[in-house]
Amino acid sequence: MRHPKELGWVGFVLHHLLPSAWREELLGDLIEELNGYIIPSRGAVRAKLWLYQQGASAIIAGLWHLLHRGGVMAKRRWLLSLLIGLLGVLQSLDSGVHHSSGWVLGLVALAVFLPVVGLLLDVGQPLWLGVASAVLLTAARAISPIPLPELHISLVFLVGFPMVYYVMYQQNTAGGARGAV
Amino acid sequence: MSKDGLPGAFEQFVLLAVLRLGEGAYGMTVRRELEEKTQKAVSLGAVYSTLERLEQKGYVRSFAGEGTEARGGRAKRFFAVEGAGLSALKEALEATDRLREGLAVLAPTGVTS
């Protein structure tokens, strides 16, 4: 089912981040309670605050669920995302990005953040996330006031590791051993 | 004692809410019942993750209802307490009662001893 338009951008975020095990039911409950009880009793503004609060706590509960209930593959995915995040940060620091401007630092942080979060939330699409990271790193190198020749080495971790993981994951899924949620 | 140990405090609250609601127990009603009776803010995410944990322990079972227009066509997921859940809940409440026994400081409001 598509993301619920009744909940605005919160619905879009929840639709993509909640565990599939209870995504549809929770979204249905939110729509029903928001329109049937919260808006009539609290008004539109406070209802929006209620929705943001419910959305944020649902995402936290969902992440907790993925970590603890996702099986062996999910735990490997969390460990791997921590590892690539760490290696990405270390390689970026090693290439001297911290001596560059704030904009460059922001672009590099986003380039590391995207594949890490993509893997953490099991978004899939490692190639496209990798392309996005490569574009961000290239932009960072282009605008950097100091040369950052070794910056792209971090793509080995940011793109390579998730792609290897998903190849292994698909093999497991094909063998009927899907452990992730 | 049940093999998964005694249910935690929030698990006990959720089991009690599901019992109180009977056939009308689904995410939203459980959340509202908890909020009304505990007078504390309760999130739907916490309710769902707890219900799923209880289902994995065999304390509750769930079944799908029909989608309605008020829910954007999304189905409800109803919950019911299983025998194992009832036993675990009784065990936990009895343990609480035994621990509470004789403690004047925790006597229910309006009762003096």
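Keep in mind that the numbers below use all heavy atoms, side chains included, and drop hydrogens, waters and symmetry copies. Bear in mind that the values here come from a model prediction, so they are computed numbers and not experimental data. Lettering of chains follows the sequences in order, A, B, ..., and the numbering in each one begins at 1.
- If you take CG on B:Leu44 and CD on A:Gln53, they are separated by 11.5 Å, rounding to the nearest 0.5 Å.
- Cluster annotation: A:Leu119 and A:Leu83 are assigned to the same hydrophobic cluster (Ile/Leu/Val/Met/Phe/Trp/Tyr, side-chain heavy-atom contacts under 4.5 Å, transitive).
- A:Trp22 contributes atom CH2, which lies 9.5 Å from atom CZ of B:Arg77 (distance to the nearest 0.5 angstrom).
- Here A:Asp29 pairs with B:Arg71 in a salt bridge; the nearest charged N to carboxylate O distance falls below 4.0 Å.
- B:Leu51 and B:Tyr26 fall into different hydrophobic clusters, defined by Ile, Leu, Val, Met, Phe, Trp and Tyr side-chain heavy atoms under 4.5 Å apart, directly or through other members.
- Hydrophobic clustering, with ILVMFWY side chains joined whenever heavy atoms are under 4.5 angstrom apart, groups B:Phe13 together with B:Leu86.
- Taken from CE in B:Met28 to OH in A:Tyr37, the straight-line distance is 4.0 Å, to the nearest 0.5 Å.
- Your options are B:Lys76, B:Arg32, B:Glu69, and the one with the most heavy-atom pairs under 4.5 Å with chain A is B:Arg32.
- Between A:Ala61 and B:Ala46, the closest heavy-atom pair is CB-N, 4.1 Å.
- Follow the hydrophobic side-chain contacts under 4.5 Å out from B:Phe78 and you never reach B:Leu54; the two are in separate clusters.
- At a 4.5 Å heavy-atom cutoff, B:Val47 makes no contact with chain A through either its backbone or its side chain.
- Residues A:Glu6 and B:Gly72 approach most closely at OE2-CA, 3.5 Å, considering heavy atoms.
- Judged as a ring pair (Phe, Tyr, Trp, His ring centres under 6.0 Å), and not counting sequence neighbours, B:Phe79 has no contacts.
- With chain A as partner, the option from B:Gly45, B:Ala41, B:Ser62 having the largest number of non-hydrogen pairs under 4.5 angstrom is B:Gly45.
- Heavy atoms of A:Ile60 lying under 4.5 Å from chain B are absent altogether.
- A distance of 9.5 Å separates CG in A:Leu26 from OG in B:Ser49, rounded to the nearest 0.5 Å.
- More than 12 non-hydrogen atoms from other residues, nucleotides or ligands lie less than 6.0 angstrom from CZ of B:Phe10.
- Here the rule is side-chain contact (heavy atoms from CB on, under 4.5 Å) with B:Arg74, and of A:Glu25, A:Glu32, A:Glu24 only A:Glu24 fits it.
- Every ring pair (Phe, Tyr, Trp, His ring centres under 6.0 Å) that A:His16 has, sequence neighbours left out, goes to A:Phe12.
- Connection of A:Leu107 to A:Val159 is established within a shared hydrophobic cluster, with ILVMFWY side chains joined at heavy-atom distances below 4.5 Å, either directly or through further cluster members.
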